[in-house]
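What follows is a short report on a single structure.
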Amino acid sequence: QVQLAESGGGFVQAGDSLTLSCVHSGGITRDSVMAWFRQAPGKEREFVAARTWGGGSTVYSDSVKGRFTWSRDAAKNTINLQMNNLQPEDTCLYYCAARSQRVIVGHWRRQDVYDYWGQGTQVSVSS
């Protein structure tokens, strides 16, 4: 059983930056996929970014590409999401998700492939 805990959310102004973190409790291997999703009020949860724990390419949604960066701190069992130039439309509850087994890149955007989810951290951006 993998436990995930997000942190780093907050209230910022448009154009500001924030870094979210997600620490896992163990059970993650180099083939595990670690992802960020987000959900705005009244909307469905959507994919943000993902990468395997062991390295390789990162996949981003079109809405965040060029502004958000996925990174990993292996020593701290943590992944981070650096978010720059935040906009009001980025106001969401941000979730960390993990899939322990290998899965093809084409499936990384699907919520149903992830086994474990955090509770979420709120990001609010004012205009």
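In this structure, OG in Ser32 is found 9.5 Å from CZ in Arg99, a value given to the nearest 0.5 Å. A distance of 11.5 Å separates OG1 in Thr58 from NZ in Lys65, rounded to the nearest 0.5 Å. Considering CD of Gln119 and CG of Leu93, their distance stands at 9.5 Å, rounded to 0.5 Å. Summarising the geometry, atom NZ belonging to Lys76 is positioned 14.5 Å from atom SG belonging to Cys22; distances are rounded to the nearest 0.5 Å. One finds the CD atom of Gln82 at 6.5 Å from the OG1 atom of Thr69 (value rounded to the nearest 0.5 Å). Distance check: Tyr114 OH to Met34 CE gives 9.5 Å after rounding to the nearest 0.5 Å.
Val2 and Trp108 sit in two unconnected hydrophobic clusters of ILVMFWY residues. Membership requires side-chain heavy atoms under 4.5 Å apart, directly or through other members. In the hydrophobic cluster analysis, where Ile, Leu, Val, Met, Phe, Trp and Tyr join through side-chain heavy atoms closer than 4.5 angstrom, Val113 is grouped together with Phe47. Residues Val103 and Val59 fall within the same hydrophobic cluster, defined by Ile, Leu, Val, Met, Phe, Trp and Tyr side chains chained together at heavy-atom separations under 4.5 Å.
For the side chain to side chain contact (heavy atoms under 4.5 Å, CB included) with Val23, the qualifying choice from Leu4, Thr78, Asp73 is Thr78, the only one to do so.
Side chain of Ser124 to main chain of Phe11: no donor-acceptor pair is present (N/O by atom type, distance under 3.5 Å, no hydrogens or angles). Tyr60 places a side-chain N or O within donor-acceptor distance of the main-chain N or O of Trp70, the cut-off being under 3.5 Å. Judged purely by atom type and a 3.5 angstrom limit, Arg51 has no side-chain atom pairing as donor or acceptor with the backbone of Ser57. Looking only at distances, a side-chain donor or acceptor of Thr91 sits under 3.5 Å from a matching main-chain atom of Val125. Between the side chain of Tyr94 and the main chain of Leu81, no donor-acceptor pair closer than 3.5 Å is present. In this structure, Glu6 contributes its side chain and Cys96 its backbone to a donor-acceptor pair below 3.5 Å.
Atom CD of Gln3 has 12 or fewer neighbouring heavy atoms from other residues, nucleotides or ligands inside a 6.0 Å radius.
A perpendicular orientation is assigned to the rings of Trp53 and His24, their planes being inclined by more than 60° (bins at 30° and 60°). Relative ring orientation between Phe37 and Trp117 is described as tilted, the plane-to-plane angle lying within the 30° to 60° band.
Gln13 and Ser126 share no side-chain donor-acceptor pair at under 3.5 Å. Counted by atom type alone, Asn84 and Ser17 present one or more donor-acceptor pairs between their side chains at under 3.5 Å. In this model, no donor atom of one side chain and acceptor atom of the other lie less than 3.5 Å apart for Thr19 and Asn80.
Two residues are said to be in side-chain contact when any heavy atoms from C-beta on lie closer than 4.5 Å; Leu86 and Phe68 meet this criterion. You'll find the side chain of Asp90 reaches within 4.5 Å of the side chain of Arg67, heavy atoms only.
Nearest heavy-atom pair, Ala50 versus Val33, reported as atom, atom and distance to 0.1 Å: CB-CG1, 4.1 Å. Considering every non-hydrogen atom in both Gly9 and Leu20, the closest pair reads N-CD2, 3.6 Å. Of all the heavy atoms in Ser63 and Arg38, the pair that sits closest is OG-NH2, 3.4 Å. Nearest heavy-atom pair across Pro88 and Ala14 is CD-CB, 4.2 Å. Closest non-hydrogen pair, Arg30 versus Thr52, comes out as O-CB, 3.6 Å.
Relative to the ring axis of Tyr95, Arg45 places its NZ or CZ within 45° and under 6.0 Å from the centre.
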